[in-house]
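Everything quoted here is computed from the prediction, not taken from an experiment.
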Amino acid sequence: QVQVVESGGGLVQAGDSLRLSCEVSGRTFTIYTVGWFRQAPGKEREFVGFIRWSGGNTHYKDSVKGRFTISRENAKNTVYLQMNSLKVEDTAVYYCAASSLSYPSENYYMAPRTYGYWGQGTQVTVSS
């Protein structure tokens, strides 16, 4: 089993920065990818970005490219989502998820169904 725990959410103003953390534990050797998703009220959960557990390759949703950065600290089995220049429309519950599935195409990792292990979510609220 794999456990995923997010932290770091909060209330910030537009233009501010925030860093979310995702600690992964358990059978981490089975993980291929860790993804970040978000869900705003009344909307479906949407892909934000992911990082390959080995190698560190990243991929982002177009609307966050250049503002959000995903990184990993190997010694702590922790993945970070650094969010800069936050906008009101970034307000959502942010989820970290881990996938033990191996796919050749990065497109698969943009879908929530690819991830079998999810954290509880952390609220990010951006005020104007």
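The two residues V4 and A98 come nearest to each other via the heavy atoms CG2-CB, 4.1 Å. When all heavy atoms are compared, the tightest approach of G119 to Y95 is O-CD2, 3.7 Å. Closest heavy-atom contact between E6 and T122: CB-CG2, 4.2 Å.
For F68, the side-chain contact (heavy atoms from CB on, under 4.5 Å) partners two or more places apart in sequence, or in a different chain, are R38, V48, V64, L81, M83, L86, D90, Y94. A search for salt bridge (Lys or Arg N to Asp or Glu O under 4.0 Å) contacts involving K87 returns nothing, not counting sequence neighbours.
Applying the salt bridge (Lys or Arg N to Asp or Glu O under 4.0 Å) test to residues at least two apart or on different chains, none of the pairs has a partner in residues 107-128. Listed by first then second residue, pairs satisfying disulfide bond (SG atoms under 2.5 Å apart) with a partner in residues 99-128 number zero, not counting sequence neighbours.
Placement of V79 and Y117 within a single hydrophobic cluster is found when ILVMFWY residues are connected by side-chain heavy-atom separations under 4.5 Å, directly or transitively. One hydrophobic cluster holds both M110 and W118 under the rule that ILVMFWY side chains link at heavy-atom gaps under 4.5 Å.
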Show every donor-acceptor pair shorter than 3.5 Å between a side-chain atom in residues 15-22 and any protein atom, with sequence neighbours excluded, or say none if there are none.
{"from": "D16", "atom 1": "OD2", "to": "Q13", "atom 2": "N", "distance (Å)": "3.1"}
{"from": "S17", "atom 1": "OG", "to": "N84", "atom 2": "OD1", "distance (Å)": "2.9"}

When the side chains of residues 101-109 are checked against the rest of the protein, which donor-acceptor pairs come out under 3.5 Å, sequence neighbours left out?
{"from": "S105", "atom 1": "OG", "to": "N107", "atom 2": "N", "distance (Å)": "3.2"}
{"from": "Y109", "atom 1": "OH", "to": "L101", "atom 2": "O", "distance (Å)": "2.5"}
{"from": "Y109", "atom 1": "OH", "to": "Y103", "atom 2": "N", "distance (Å)": "2.8"}

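Side-chain atoms of S25 and E23 form no donor-acceptor pair, as typed in the model, at a separation below 3.5 Å.
Here the rule is side chain to side chain contact (heavy atoms under 4.5 Å, CB included) with R27, and of I31, V24, T30 only T30 fits it.
Aromatic rings of F37 and Y115 (six-membered ring for Trp) have centroids within the 6.0 Å cut-off, being under it.
With a 6.0 Å radius and a threshold of 12 heavy atoms from other residues, nucleotides or ligands, Y32 has its OH atom at or below the threshold. Remark: E44 CD is loosely packed, at most 12 non-hydrogen atoms of other residues, nucleotides or ligands lying under 6.0 Å away. Within a 6.0 Å radius of NZ in K65, more than 12 heavy atoms belonging to other residues, nucleotides or ligands are found.
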V34 vs C96, test: side-chain contact (heavy atoms from CB on, under 4.5 Å). Steps then yes/no. CA-CA 7 Å; V34 172; C96 179; 3.5 Å; yes

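With values rounded to the nearest 0.5 angstrom, S54 atom OG is found 12.5 Å from F29 atom CZ.
A donor-acceptor pair under 3.5 Å is formed between the side chain of S99 and the backbone N or O of T114. Side-chain N or O atoms of T91 include one that pairs as donor or acceptor with a backbone N or O of V126 at under 3.5 Å. No donor-acceptor distance shorter than 3.5 angstrom exists from the side chain of Y80 to the backbone of E73, with no hydrogens or angles considered. Checking side-chain atoms of R52 against main-chain N and O of N57 turns up no donor-acceptor pair under 3.5 Å. A distance-only check finds no donor-acceptor pair linking the side chain of Q39 to the backbone of A92 [under 3.5 Å].
Looking only at side-chain heavy atoms (C-beta outward), W53 and N77 come within less than 4.5 Å of each other. The shortest distance between side-chain heavy atoms of Y60 and T69 falls below 4.5 Å.
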